[in-house]
Q: 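One structure coming up, written as structure tokens, with questions to follow.
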Protein chains: 2
Amino acid sequence: MDWQLSEERPIFQQLYEEMCRRILTGRYPPGSRMPSVRELAAEAGVNPNTMQRALQQLDGAGLTESTRADGRTVTADETLTRRLRQELAGGAARRFFCETAALGFSRAEAKELILREEDGHHE
Amino acid sequence: MDWQLSEERPIFQQLYEEMCRRILTGRYPPGSRMPSVRELAAEAGVNPNTMQRALQQLDGAGLTESTRADGRTVTADETLTRRLRQELAGGAARRFFCETAALGFSRAEAKELILREEDGHHE
DNA sequence: TTTGCTGTATTAGTACAATAATACAATAAC
DNA sequence: GTTATTGTATTATTGTACTAATACAGCAAA
């Protein structure tokens with residue numbers, strides 16, 4: 001049900017984002033071990049290298065750590081994950097305001113859009 | 001001040017979006033004539049071919065019409081432009097909810113984010 | 001030691017965006 | 001009619017991003 005990969009953007013990037021979300025939402029709990037590169041690659045139906053690239057970005061973000069033959073573990077630092085989750089959500093909000101501003105909507109009008117969109121989510 | 005082109009996405013696509021916004025926000029008014037391909041290309045600092053590709057997408061969207069040697073004119077159909085502007089804004093809102101949902105935020109929580117973000121826009 | 005699992009590095013193939021240089025077509029202005 | 005300017009089409013080239021195939025390296029358990 002996951003891994004809805006689009007052709008329009010780099011796959012490794014989408015993989016990174018999905019893995020990121022899985023960690024931040026607790027699907028891969030803090031301190032736990034993650035599935036192996038090849039395992040995840042098979043699950044997502046991509047080349048191991050592509051998945052690896054995504055995982056290395058997780059390392060870079062401090063969300064995971066990898067040791068040579070022992071596998072990869074999720075950070076135990078829950079402060080970090082909570083903060084990052086908030087930051088990503090804040091970024092989404094800022095992006096929304098930016099996009100609507102470019103279309104000539106004031107912040108108040110943009111806020112109205114959100115309220116209206118929230119009412120009817122028919123799908 | 002415009003034409004903030006990023007390397008991360010196709011240039012012709014960004015050009016299209018910017019031109020689109022210029023029309024929807026009235027910078028190129030309904031029924032008016034647009035600058036020529038070469039002129040716009042020079043202004044944006046890109047190859048004429050690249051700009052042309054963007055402009056042809058405008059044609060495809062029904063926002064502009066081009067006649068051979070007479071130039072390109074913005075559609076006079078203000079209903080279309082108003083509707084498209086609303087649609088784009090609605091899309092931004094939906095995207096916001098989608099992104100926050102992927103991070104485990106409920107719609108109510110997402111709405112809270114917007115309100116809080118709206119207060120402190122310190123930049 | 002051997003086997004099998006980790007993560008990692010290197011290489012090459014493929015696709016495509018962007019540019020550039022032209023040439024062409026059609027209309028308007030003179 | 002000539003000239004200038006418009007949009008359009010074509011072709012080649014360059015650079016680069018993405019992916020895949022493959023080989024390598026390190027550790028653990030049998």
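If you're wondering where the values come from, they're calculated on a predicted model, not measured in any experiment. Convention: sequence-line order gives letters A, B, ...; per-chain numbering from 1.
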Q: Under the side-chain contact (heavy atoms from CB on, under 4.5 Å) rule, collect the residues that match up with A/Arg9, sequence neighbours excluded.
A: A/Gln13, A/Gln14, A/Glu17
Q: Pairs in or reaching into residues 23-37 of chain B: which pass salt bridge (charged side-chain N to carboxylate O under 4.0 Å, His left out), with residues at least two apart or in two chains?
A: B/Asp2-B/Arg27, B/Arg33-B/Asp70
Q: For C/dT19 and B/Thr50 - does any side-chain N or O of the residue sit under 4.0 Å from the phosphate oxygens OP1/OP2?
A: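 It does, given that an N or O in the side chain of B/Thr50 lies less than 4.0 Å from OP1 or OP2 of C/dT19.
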Q: Please state how far atom CZ in B/Arg9 lies from atom P in C/dC16, giving the value in whole angstrom units.
A: 18 Å
Q: With sequence neighbours excluded, what pairs up with A/Tyr28 under the side chain to side chain donor-acceptor pair (under 3.5 Å) test?
A: A/Arg22
Q: Sequence neighbours excluded, which residues qualify as side chain to side chain donor-acceptor pair (under 3.5 Å) partners of A/Thr64?
A: A/Asp59
Q: Could you tell me which residues satisfy side-chain contact (heavy atoms from CB on, under 4.5 Å) with B/Arg95, sequence neighbours excluded, listed by chain and number?
A: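 In terms of side-chain contact (heavy atoms from CB on, under 4.5 Å), with neighbours along the sequence ignored, B/Arg95 is linked to A/Glu99, B/Glu99.
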Q: What pairs with B/Arg85 under side chain to side chain donor-acceptor pair (under 3.5 Å), at least two apart in sequence or on another chain?
A: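 With sequence neighbours excluded, B/Arg85 shows a side chain to side chain donor-acceptor pair (under 3.5 Å) to no residue whatsoever.
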Q: Rounding to a whole Å, what distance do you find between A/Glu65:CD and C/dG7:P?
A: 14 Å
Q: Can you list the residues that meet the side-chain contact (heavy atoms from CB on, under 4.5 Å) rule with B/Ala102, with sequence neighbours excluded?
A: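 B/Ala102: side-chain contact (heavy atoms from CB on, under 4.5 Å) contacts with A/Arg21.
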Q: For A/Glu65, is the CD atom crowded, meaning more than 12 foreign heavy atoms sit under 6.0 Å from it?
A: no
Q: Angle between the two end axes of the helix from C/dT1-D/dA30 to C/dC30-D/dG1, five base pairs per end, rounded to 10 degrees?
A: 0°
Q: Spell out protein contact along nucleotides 2-17 of chain D as letters: B when the base is contacted, S when just the sugar-phosphate is, - when no protein heavy atom is under 4.0 Å; keep the 5' to 3' order.
A: ----BBBBB-------
Q: In this structure, how many angstroms lie between the P atom of D/dC18 and the CD atom of A/Glu8, rounded?
A: 14 Å
Q: Without decimals, in angstroms, what is the distance between A/Asn47 CG and C/dG7 C1'?
A: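 Value for this atom pair: 14 Å.
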